[in-house]
Amino acid sequence: MPVTSAYLNRVFADVEKRNHGEKEFLQAVKEVFESLDLIIEKRPDLVKAGIIDRLVEPERSISFRVPWVDDQGILRVNRGYRIQFNSAIGPYKGGLRFHPSVNTSIIKFLGFEQIFKNSLTSLPIGGAKGGADFDPKGKSDGEVMRFCQSFMTELHRHIDADTDVPAGDIGVGVREIGFLFGQYKRITNRFAGILTGKGLSYGGSLVRTEATGYGLCYFTEEMLNQRGKSFKDTPVLISGSGNVAIFAAEKAIEMGARVIALSDSNGFIHAPGGINLDLVKEIKLVKRGRLAEYADVERSATYHEGRGIWKLQCGIALPCATQNELDEEDAAALIKNGCFAVAEGANMPSVPGAVERFLKAGILFGPAKAANAGGVATSALEMSQNSIRLSWTFIEVDQRLQEIMRNIFKNIHDASAAYGAPGNLVAGANIAGFLKVADAMLAYGVV
Ligand code: NDP
Ligand code: 2IT
C-alpha cells in the first residue's frame, strides 16, 4: 500500500538513507508508516514535534565483542547487540536472540516492533532488543555458559531493573537466562530483577514460559469469537517447535483444536489425527533434538523436509518460527485450502504481500505486535512481582494474561474502526500502540 503523506514519505526516505540495506528494519518501518498514514493528516502536532523522526532512530545502539573459548580450547568471537529503541513509556524491555542470522537489521526491526507491542500491553515498558550471531545448536552446556558469561560481562553495564530488562527470544530460554543472571549477580553483587524469564527458584514468574503461546491462543479465541468461530474441532497448523509454538499448541489443544503440524528449520511433521505434544516436548525441550525424530516414534505421522507446512489444509494457521517465513504463495495456498484465521506468534512472520492477501480475502488476521504480546506482558508481570518481592499463583498470572490479551484485541479492534480501517487489526495495532508512545514523547518536549 503506498503511503500518501509527504511527511511520512520524507521520513521514510531519511530512514532508507541512514539504514541502507537493512531489509527487515525498513520492512517493519514501512508497515507502521502505512498505518500511520491514516492518522497523520489529523495530527499536525505530531508532525511539528517531529515525533516520527525521533521514533525511527534508536535512543541508544550498543554492539560489542563477545570472546569465548570452545570445548576444544579454541578462541571464538561473536558480535553482541543491545538496541535500546524507545523508553518513553517505561524501561527498555525486549528479548535477546542468539541465532547465526542475527545482524543490525534484525535486532533493529525487532526493537522497533517491540515499542508498539509493549505499548499495547498497557503496562509501563519501553522497546528494545538484543542478541548475538551465536548459534547455540550443537554447543555443549559448558560452551553456552561461557558464551553467556562473556555476553553479560559487557551487557551488565547497560541494564538495570529501572533502565533495561532483557528476556529470551529465539535461542535464549531458561538455561541461557540462568547463566546470564548468575553472571550479572556475580559481577555486580546485586540480586535484582534485571532479566525476565528467570527460573522459578530465583525470581521467575509462573506462566512466563507458557505466556507467548497461551496469550496467542487467548487473542485468537477473541478474534474468532467475532465471527462466531472457535478453536473447537478446527485443524490448526503451527510453524516452529520452540517455546512459542509448543505452548501455543498446548493451549490450542486444550481449547479443542486438532493441531496437525509443527515444523523446525529443517522440515515439518504432519499428523492428521493430531500431534502427540508430549513427544514433541521430549524431543525439542528435553533432548534438544530434531523434529524428524518424531516420525520415527509416531508411525501415523509423516516428516517432510523443507518449508511446505503452509500448503496443508487447515482452518487456523499460527506462524511461530521466525520473520518472513510465510510468503505470498503460502498465503494463497492457505486461502485456497480453507484457512479462515491467521495469528502471528513469531515477529513479522508474514511477508507484506501475504498480509495484503489475507486482508483482501477477508481472513481474520492477528498481527504479531498484538497477537504475541502475551510473552512480554507476562515479563512485565514478572517485573512487578520482583519489585514487590512476592510471587503470584499460576491462576492469578494466567488470569491477568487473559485479561490483557482480551483488552489488546478490543483496543485494536476499536482503533481500526475509529481510524477508518474497520477490522484491519494491523492498522489498529500500529495506531493504538503508537498513540500512547507519541503522547508521552509530546509531554517530554524535545528529548
Ligand atoms: P525458540 O528458539 O524456542 O524456537 C524457534 C523455533 O523456530 C524453532 O523451532 C526453530 O527451529 C524455528 N526457527 C528459528 N529460526 C528459523 C529459521 N530461520 N527458519 C526456520 N525455522 C526457524 O524461539 P521462540 O519460540 O521463543 O521464538 C519463536 C518466534 O516467536 C520468534 O519470532 C520470536 O521473536 C517470537 N517471540 C518470542 C517470544 C518469547 O517469549 N519467546 C515472545 C514474542 C515473540 P530450529 O529448532 O530448527 O532452530
Ligand atoms: O518478542 C518478544 O516480545 C519477546 N521475545 C519477549 C520479550 C520479553 O521481554 O519478554
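Just so you know, ligand 1 is whichever comes first in the structure, and atom 1 is the first atom listed for that ligand.
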ask   = Does the distance from a Lys or Arg side-chain N to an Asp or Glu carboxylate O, for Lys281 and Glu250, drop under 4.0 Å?
value = yes
request  = May I ask you to identify the nearest protein heavy atom to atom 12 (C) of ligand 1, giving residue, atom name and distance to one decimal place in Å?
outcome  = Ala321 CB, 3.9 Å
query = Does Arg97 come within less than 4.0 Å of ligand 1, judged by its heavy atoms?
reply = yes
request  = Distance to 0.1 Å, residue and atom name: give those for the protein heavy atom nearest to atom 46 (O) of ligand 1.
outcome  = Lys284 NZ, 3.3 Å
inquiry  = Salt bridge check, Glu382 against Arg208: does any charged N sit closer than 4.0 Å to a carboxylate O?
reply    = no
note = The protein heavy atom nearest to atom 9 (O) of ligand 2 is Lys93 NZ, 2.7 Å
query = Can you tell me if Lys129 has a non-hydrogen atom under 4.0 Å from ligand 2?
reply = yes
ask   = Can you tell me the protein heavy atom closest to atom 23 (O) of ligand 1 and the distance?
value = Ile170 CA, 3.4 Å
request  = Using a strict 4.0 Å threshold on nitrogen-to-oxygen distance, state whether Asp133 and Arg79 make a salt bridge.
outcome  = no
ask   = Are any of the N/O atoms in Gly375 less than 3.5 Å from those in ligand 1?
value = no
request  = Check each heavy atom of Gln114 against ligand 1 and say whether those closer than 4.0 Å belong to the side chain, the backbone, both or neither.
outcome  = neither
inquiry  = Would Lys185 pass as a cation-pi partner of Phe191, given that its NZ or CZ must be under 6.0 Å from the six-membered ring centre and within 45 degrees of the axis?
reply    = no
query = At what distance is the nearest protein heavy atom to atom 4 (O) of ligand 1, and which residue and atom is it?
reply = Gly242 CA, 3.2 Å
inquiry  = Any salt bridge linking Glu325 with Arg307? Criterion: basic side-chain nitrogen under 4.0 Å from a carboxylate oxygen.
reply    = no
ask   = With a 4.0 Å cut-off, would you call Glu57 and Arg54 a salt bridge?
value = no
request  = With heavy atoms of Ser379 as the reference, note each atom of ligand 2 found under 4.0 Å away.
outcome  = 8 (C), 9 (O), 10 (O)
task = Scan the protein's non-hydrogen atoms and note whether one is under 4.0 Å from atom 10 (C) of ligand 1.
result = no
task = Can you sort out which atoms of ligand 1 are near Gly345, meaning under 4.0 Å from one of its heavy atoms?
result = 30 (O), 35 (C), 36 (N), 44 (C)
request  = Decide, yes or no, whether a salt bridge links Glu16 with Lys30 under the criterion of side-chain N to carboxylate O below 4.0 Å.
outcome  = no
inquiry  = Taking distance alone, with N or O pairs closer than 3.5 Å, would you say Asp264 contacts ligand 1?
reply    = no
query = When you look at CD of Glu329, are more than 12 heavy atoms from neighbouring residues, nucleotides or ligands closer to it than 6.0 Å?
reply = no
inquiry  = Counting the benzene-type ring for Trp, do Phe151 and Trp68 have ring centres under 6.0 Å apart?
reply    = no
key: Ala167: numbered ligand 2 atoms lying under 4.0 Å from its heavy atoms   = 8 (C), 9 (O), 10 (O)
task = Would you mind telling me if ligand 2 is within reach of the side chain of Asn347, the backbone, both or neither, using heavy atoms under 4.0 Å?
result = side chain
query = So, Glu403 and Arg400, do they make that salt bridge, N to O below 4.0 Å?
reply = no
Any donor-acceptor pair under 3.5 Å from Thr121 side chain to Lys117 backbone = no
query = Charged N to carboxylate O under 4.0 angstrom, Glu344 versus Lys369?
reply = no
inquiry  = For the aromatic rings, using the six-membered ring if either is Trp, is the centroid distance between Tyr294 and Tyr303 under 6.0 Å?
reply    = no
message = For ligand 1 and Lys117, I'd like to know whether there is a polar contact (N/O to N/O, distance under 3.5 Å).
response = no
ask   = What protein heavy atom sits nearest atom 7 (C) of ligand 2, and how far away is it?
value = Gly95 N, 3.5 Å
key: Nearest protein heavy atom with distance in Å, relative to atom 22 (C) of ligand 1   = Ser265 CB, 4.0 Å
query = At their closest point, which heavy atom of Arg97 faces which heavy atom of Thr322, and how far apart are they?
reply = NH1-OG1, 4.0 Å
note = Residue, atom and distance of the protein heavy atom nearest atom 3 (O) of ligand 1 read Asn243 N, 2.9 Å
inquiry  = Under a 3.5 Å threshold, yes or no: a donor from one side chain and an acceptor from the other, between Ser391 and Gln385?
reply    = no
message = If the cut-off is 4.0 Å to any non-hydrogen atom of Gly94, which atoms of ligand 2 fall inside it?
response = 7 (C), 9 (O)
key: Atoms in ligand 1 flagged as close to Gly240, the criterion being non-hydrogen separation under 4.0 Å   = 9 (O)
ask   = Do ligand 1 and Asn372 have nitrogen or oxygen atoms that lie under 3.5 Å from each other?
value = no
task = Please say which of Arg82, Lys93, Arg60 ends up in a side-chain contact (heavy atoms from CB on, under 4.5 Å) with Asp164.
result = Arg82
inquiry  = Please report whether ligand 2 has a polar contact with Arg208, defined as an N or O pair separated by less than 3.5 Å (distance criterion only).
reply    = yes
request  = Identify whether the distance between the nearest side-chain nitrogen and carboxylate oxygen of Lys139 and Asp71 falls below 4.0 Å.
outcome  = no
request  = Output the list of atoms in ligand 1 that are nearer than 4.0 Å to some heavy atom of His99, sorted by atom number.
outcome  = 15 (N)
note = The protein heavy atom nearest to atom 25 (O) of ligand 1 is Val244 N, 2.9 Å
key: Sub-4.0 Å atoms of ligand 1 with respect to non-hydrogen atoms of Ala346   = 29 (C), 30 (O), 32 (O), 35 (C)
query = Any idea which atoms of ligand 1 are less than 4.0 Å away from a heavy-atom of Lys137?
reply = 45 (P), 47 (O), 48 (O)
note = Per side-chain contact (heavy atoms from CB on, under 4.5 Å), Pro367 is matched among Asn430, Val426, Val355 by Val426
ask   = Do any N/O atoms on Gly171 end up under 3.5 angstrom from N/O atoms on ligand 1?
value = yes
query = Does ligand 2 have an atom under 4.0 Å from some heavy atom of Pro166?
reply = no
key: Residues, nucleotides or ligands: over 12 heavy atoms within 6.0 Å of Lys311 NZ   = yes
message = Could you identify the single nearest non-hydrogen protein atom to atom 18 (N) of ligand 1 and state the distance to 0.1 Å?
response = Thr322 CG2, 3.7 Å
remark   = In ligand 1, the atoms that come under 4.0 Å of a heavy atom of Arg290 are 45 (P), 46 (O), 47 (O)
query = Which ligand 1 atoms does Cys320 reach within 4.0 Å, using its non-hydrogen atoms?
reply = 28 (C), 29 (C)
ask   = Lys117 heavy atoms, cut-off 4.0 Å: which ligand 2 atoms fall inside?
value = 1 (O), 2 (C), 3 (O)
message = Distance under 4.0 Å to a non-hydrogen atom of Thr212: what atoms of ligand 1 satisfy this?
response = 38 (C), 39 (C), 40 (O), 42 (C), 43 (C)
